[in-house]
Visitor: 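Next up is a structure, given as structure tokens.
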2 protein chains.
Amino acid sequence: MDENGRRVFQFFNEIGIINQLAGAIFAARLPDGLHVSHFALLNHLVRLGDEKTPLALASAFQVPKTTMTHTLAVLEKRAAIQLTPHPSDGRSKIVFLTDAGRKLHNDAIASMADPIRQITADLGDGTISDLIPQLEKIRAYLDQNRSI
Amino acid sequence: MDENGRRVFQFFNEIGIINQLAGAIFAARLPDGLHVSHFALLNHLVRLGDEKTPLALASAFQVPKTTMTHTLAVLEKRAAIQLTPHPSDGRSKIVFLTDAGRKLHNDAIASMADPIRQITADLGDGTISDLIPQLEKIRAYLDQNRSI
DNA sequence: ACTAAGTAATGCGATATCGAACTAAATGCA
DNA sequence: TGCATTTAGTTCGATATCGCATTACTTAGT
């Protein structure tokens, strides 16, 4: 592996560690037993709209179908979402947010407000914002080249 | 959450997805049954030297001690590492790389060479390299403010 | 030296992730 | 229409992650 390869490698290493650290910080604050992956799903549904199929959600998060089945089962058990049969496709389902789900999302957001504020205050001067377009580009590239 | 807070939030979201996508790409290539976390540990030992304690490794990767115990047990079972008693602290141990471990690391590196080359060719013009110093800064910040 | 507090690692149990195989339904094509 | 293929979702089994409690050892304070 050449110099550039090592840099790419280091990049993913840093990404992994940041993900690990941020995940730990947020997980420690989330409401009782809510896992980061659960929150991520709620957040997706709130921000981008619910009424999605499980497969569409698995695809959006780039996780296997089975993982999404499990996550949805957990959130359904907590009554945060509701699964209904798909109106035009008997194989499929539609995911709906419930009022309890929206409240849970609000509570989760509130629980993370403090660390977010702190991080924003310490690094929000552009250190983070400036990176987002670049990261989006890389994410889109990886997304489109998943079978690389 | 204000505008800056949302940006910070989005940043961690992008990080999470990139981590997910990259992990999937690498996991698919790794030698039989080698998990990304196993490779990451081997890579750490090869690059930064072995003869570390389990706790030092858990700290380096920011994972709970129990997770590191498990990872080390897997690699020891594969004879990739060796655990010996710590010479001056009876509670602790020292992790050594074995020749088999170095070979396994080499094999893993080789197995990822293709995707790394591809990514380097497509994004290696600075898109990635330029981000590393910023990411290092953010990682260091999160590392030092873990109890945020 | 003795005891209390702190630290390194592990055992155990719960949950998350994921691949392989399966079921049911939709689609394509002769 | 009939049948093979594809697709959505689940079940099952294996492994990873992680919190809590425990054990063994070290360190600090007296």
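What you see below is based on every heavy atom in this structure, not just the backbone, and it leaves out hydrogens, waters and symmetry mates.
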Visitor: Taking CD in B:Gln82 as the centre, count heavy atoms belonging to other residues, nucleotides or ligands within less than 6.0 Å. Is the count above 12?
Guide: no

Visitor: Has the side chain of A:Gln144 got a donor or acceptor atom that lies under 3.5 Å from a matching backbone atom of A:Tyr141?
Guide: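 Between the backbone of A:Tyr141 and the side chain of A:Gln144 there is no qualifying donor-acceptor contact (under 3.5 Å).
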
Visitor: In whole angstroms, how far is the P atom of D:dA14 from the NE2 atom of A:His70?
Guide: 17 Å

Visitor: Once you round it to whole Å, what is the distance between P of D:dC18 and NE2 of B:His35?
Guide: 11 Å

Visitor: Any donor and acceptor pair, going by atom type alone, linking the side chain of A:Thr53 with main-chain N or O of A:Lys93 inside 3.5 Å?
Guide: no

Visitor: For B:His86, which contact category applies under a 4.0 Å heavy-atom criterion: base, sugar-phosphate, or nothing?
Guide: nothing

Visitor: Establish whether B:Ile18 and A:Ile132 are linked, either directly or via other cluster members, by ILVMFWY side-chain heavy-atom contacts under 4.5 Å.
Guide: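 Yes; A:Ile132 is reachable from B:Ile18 via cluster members.
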
Visitor: Separation of A:Leu72 atom CG from D:dT11 atom P, in whole Å?
Guide: 13 Å

Visitor: Pick the nucleotide of DNA chain C nearest each of B:Leu83 and A:Val63; which residue has the one closer to the 5' end?
Guide: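 Checking each residue's closest nucleotide, the 5'-ward one belongs to B:Leu83.
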
Visitor: Using the rule that two of Ile, Leu, Val, Met, Phe, Trp, Tyr join whenever any of their side-chain heavy atoms come within less than 4.5 Å, decide whether A:Ile116 and A:Ile109 are in one cluster.
Guide: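 Same hydrophobic cluster.
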
Visitor: Return yes if some donor-acceptor pair links the side-chain N/O of B:Ser129 with the main-chain N/O of B:Gly126 below 3.5 Å, else return no.
Guide: no

Visitor: Taking the inter-plane angle between the rings of B:Phe39 and B:His105 on a 0 to 90° scale, is it parallel (under 30°), tilted (30 to 60°) or perpendicular (over 60°)?
Guide: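 B:Phe39 vs B:His105 ring planes: parallel.
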
Visitor: If two hydrophobic side chains count as joined below 4.5 Å and joins carry through other members, does B:Phe26 share a cluster with A:Val8?
Guide: yes

Visitor: Under 4.0 angstrom, heavy atoms only, what part of the nucleic acid is B:Ser92 near: base, sugar-phosphate, or nothing?
Guide: sugar-phosphate

Visitor: In terms of side-chain heavy atoms of B:Ser37, which of D:dC18, D:dT17, D:dG9 is nearest?
Guide: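 The answer is D:dT17.
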
Visitor: Between A:Ile94 (CD1) and D:dA8 (P), how many Å, whole number?
Guide: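 Those two atoms, CD1 and P, are 12 Å apart.
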
Visitor: At the 4.0 Å heavy-atom cut-off to chain B, mark where contacts on DNA chain C begin and end, going 5' to 3'.
Guide: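 Contact span on the strand: C:dG6 to C:dC18.
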
Visitor: Thinking salt bridges, do A:Asp99 and A:Lys103 make one under a 4.0 Å N-O criterion?
Guide: no

Visitor: Does A:Lys93 contact D:dG9 through a side-chain donor or acceptor facing the base, at a distance under 3.5 Å?
Guide: no

Visitor: Side chain of B:Asp89, heavy atoms from C-beta onward: which of D:dG9, D:dT26, D:dC18 has the nearest atom to it?
Guide: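 My answer, after comparing the listed nucleotides, is D:dT26.
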
Visitor: Between A:Gly90 and B:Pro54, name the one whose nearest nucleotide on DNA chain C is closer to the 5' end.
Guide: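 This one resolves to B:Pro54.
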
Visitor: Heavy atoms within less than 4.0 Å of DNA chain D: which residues of residues 12-28 of chain A have one? Give them sorted by number.
Guide: A:Gln20

Visitor: Quick one: the side chain of A:Arg91 and the base of D:dT7, do they pair up donor-acceptor inside 3.5 Å?
Guide: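 Pair found.
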
